[in-house]
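Report on the structure given below.
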Amino acid sequence: MPLFNYKGRDINGALVQGVLEGQDSSALASLLFNRSITPIEIHAQAAAPTSNNISVNLFEEKIETIDVMLFSRQMYTLLKAGIPIMSALSGLQASTNNKAFASVVGNIRENLGSGRELSSALAQHPQIFSSFYINMVRVGETTGMLETVFLRLFDHLEFERFMRDQIKSALRYPTFVIIAMAIAIVIVNLFVIPAFAKVFQSFGAELPLMTKILLSFSKFMVVAWPFLLVGAISAVFIFRSYIATSAGKYKWDSFKLKTPLAGKIIHKATLARFARSFALASKSGVPITTGLKLVAQTADNDYISSKIEQMCEGVERGESILRTATNSGVFNPVVLQMIAVGEESGALDDLMQEVADMYQRDVEYEIKTLGAQIEPILIVFLGVMVLILALGIFLPIWDLGNVALHKG
């Protein structure tokens, strides 16, 4: 529906103005009369001019999760202190250091002034506020527990940020090791082995099979490295394009859960976020099926999200949460037992909170021991590299040196 700018007088004669949606000016006038506002002026809002020129401000601040976290915490504090929401938003807009987020808060305040609810105003910025966040705020508006919901959302976002950082930490070390090994292989083949090749050529002796293989592979890399570089860049581009599709992201998310070492950490971290999100939705009074649908959007893993959606479908068919969780195949027996107890006792939200805490402790322990688990693999790989170099490079030099000594 189109937007209309309006001016009017309330029952006290004070001037009121703002922006509202409506089918036409007559419908908007009726809406204003119902709100005890006598319209003075109503006109359609001019459409934003279109331009073929694309302007990008590279220096504009990005809105991070920490900005939304601080917004949630401050909203809780201000609302709990009894400050009206418009005054609270005005204060936050003035005190926010991030200018881009301050502009968003100002827009939210304008939407509230035009008659929209807070959840609807937040929904105008889906790239900043997730559907889960918006729905939690809507529940808070409906139940009159808005300040409590903001506090829970702050805790939720803090936990989400912590788990994301944990996953990044889990992947950082293996990624660094793989990159370091790849660089070492490239350097050896492009610079080290060619130097030895000149020495072998000067002797003119018959070389062992391993040495011939190393020299041939090195020669191939020296000649074809530009094509290999272009191929690697193309492979990265194709891979990123593939996982940008829904089918590609689903398969990649499924594969990540099966990778050695890091896979189990990603799995536990994702399920910890699911349990914490579901506990928050349940405590806020969201129905189970609605809560599962919302939580599926926060899983940040398409494979786990599909399993949560299957759980939702099972609950809608009348199955118990325990049965649907068992059929999903992503929870371990201990968690399933806790879900069973929570379902029987009616304290499922508390038990899901316990599940989230348990997974969080597991993730922290796995990350602390990740280095110790990777070190044996690294040592074996380095040992194999040294063995290949010794057999292919240094052994022939040793043999040729012995032959030269005997001749002397």
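One is the number of the first residue; the rest follow in order along the sequence.
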inquiry  = Let's go through Arg152 and Asp155 carefully: what are the C-alpha distance in whole Å and the side-chain angles of both, what is the deciding distance for salt bridge (Lys or Arg N to Asp or Glu O under 4.0 Å) to 0.1 Å, and is it a yes or a no?
reply    = CA-CA 5 Å; Arg152 291 174 179 172; Asp155 294 335; over 6 Å; no
Q.
Is it the case that the side chain of Thr96 and the backbone of Ala102 share a donor-acceptor pair, with hydrogens and angles ignored and the cut-off at 3.5 Å?
A. no
Value for OG (Ser120) from CG (Leu118), rounded to nearest 0.5 Å, stands at 8.5 Å
On a heavy-atom basis, the closest approach of Val104 and Ile128 is CG2-CD1, 3.5 Å
A side-chain contact here means heavy atoms from C-beta on lying under 4.5 Å apart; do Leu112 and Arg116 qualify? no
Please verify the inter-ring angle class for Phe101 with Phe129; under 30° counts as parallel, over 60° as perpendicular, anything in between as tilted. tilted
For residues Ile308 and Lys293, determine if any side-chain heavy atom of one lies less than 4.5 Å from a side-chain heavy atom of the other.
no
The reported gap from CG in Asp357 to CZ in Arg276 (rounded to nearest 0.5 angstrom) is 5.0 Å
Rounded to the nearest 0.5 Å, the OG atom of Ser254 sits from the CD1 atom of Ile304 at a distance of 8.5 Å
Sidechain N-carboxylate O distance under 4.0 Å for Lys264, Glu366
yes
Please check if the distance between the ring centroids of Phe274 and Phe331 is under 6.0 Å. yes
ask   = Should Phe162 and Glu364 count as side-chain neighbours, where that means a heavy-atom distance under 4.5 Å?
value = yes
Between Ser114 and Asn111 (side chain of the first, backbone of the second, donor and acceptor by atom type, cut-off under 3.5 Å), is there such a pair?
yes
In short, Ser246 meets Asp302 closest at the heavy-atom pair O-OD2, 4.1 Å
Determine whether the aromatic ring centres of residues Trp252 and Tyr303 are separated by less than 6.0 angstrom.
no
So OG1 of Thr65 and CG of Asp165: to nearest 0.5 Å the spacing works out to 9.0 Å
Heavy-atom nearest pair, Ile339 first then Leu348, reads O-CD1, 3.9 Å
Distance col, row Ile183:CD1 vs Ile179:CD1, nearest 0.5 angstrom, shows 7.0 Å
All heavy atoms of Ser119 vs all of Glu141, minimum pair found to be OG-OE1, 2.8 Å
Pair Thr289, Glu316: side-chain N/O donor-acceptor within cut-off below 3.5 Å
no
query: Quick one: are Val222 and Pro194 in side-chain contact, heavy atoms under 4.5 Å?
result: yes
Residues Val68, Tyr133; criterion side chain to side chain contact (heavy atoms under 4.5 Å, CB included); working and verdict | CA-CA 10 Å; Val68 183; Tyr133 191 102; 3.8 Å; yes
request  = Would you confirm whether the ring centroid of Tyr76 sits within less than 6.0 angstrom of the ring centroid of Phe154?
outcome  = no
Q. So Ser320 and Glu343, side chain to side chain contact (heavy atoms under 4.5 Å, CB included) or not? Walk me through it.
A. CA-CA 8 Å; Ser320 65; Glu343 206 167 12; 3.4 Å; yes
Correct closest heavy-atom pair for Tyr359 and Ala272 would be CB-CB, 3.5 Å
When rounded to the nearest 0.5 Å, the distance separating CG of Leu271 from CD1 of Ile266 is 12.0 Å
**Prompt:** Tell me, do Met75 and Leu89 make a side-chain contact under 4.5 Å, heavy atoms counted?
**Reply:** yes
Tell me whether Ser90 contacts the main-chain N or O of Ser87 through its side chain, where contact means a donor paired with an acceptor under 3.5 Å.
no
Heavy atoms, side chains only, cut-off 4.5 Å: are Val186 and Met221 in contact? yes
Measure the shortest side-chain to side-chain distance between Ser277 and His156 over non-hydrogen atoms and say whether it is less than 4.5 angstrom. yes
Tightest non-hydrogen contact, residues Leu153 and Ser72, listed as CB-OG, 4.5 Å
Under the criterion salt bridge (Lys or Arg N to Asp or Glu O under 4.0 Å), I'd like the reasoning laid out for Asp349 against Lys283: C-alpha separation, chi angles, the key distance, then a yes or no. CA-CA 6 Å; Asp349 50 356; Lys283 287 181 178 179; 5.9 Å; no
For atom CD1 of Ile288, is the number of surrounding heavy atoms from other residues, nucleotides or ligands below 6.0 Å larger than 12? no
Q.
Testing the 3.5 Å rule here: is there a donor-acceptor pair between the side chains of Tyr250 and Ser305?
A. no
Check: Does Lys212 offer a backbone N or O that forms a donor-acceptor pair with the side chain of Ser216 under 3.5 Å?
Finding: yes
May I ask you to test the Arg161-Leu157 pair for a side-chain heavy-atom distance under 4.5 Å? no
Check your understanding: Hey, does the side chain of His267 reach the backbone of Val330 with a donor-acceptor pair shorter than 3.5 angstrom?
Key -> yes
- Without swapping roles, check the side chain of Asp67 against the backbone of Ile63 for a donor-acceptor pair under 3.5 Å. no
*Take Glu158 and Arg73 through the test side chain to side chain contact (heavy atoms under 4.5 Å, CB included) and record every step on the way to the result.*
CA-CA 10 Å; Glu158 187 177 39; Arg73 180 70 189 190; over 6 Å; no
| task | Mind running side chain to side chain contact (heavy atoms under 4.5 Å, CB included) on Glu147 and Thr77 for me, showing each step along the way? | result | CA-CA 8 Å; Glu147 66 277 3; Thr77 304; over 6 Å; no
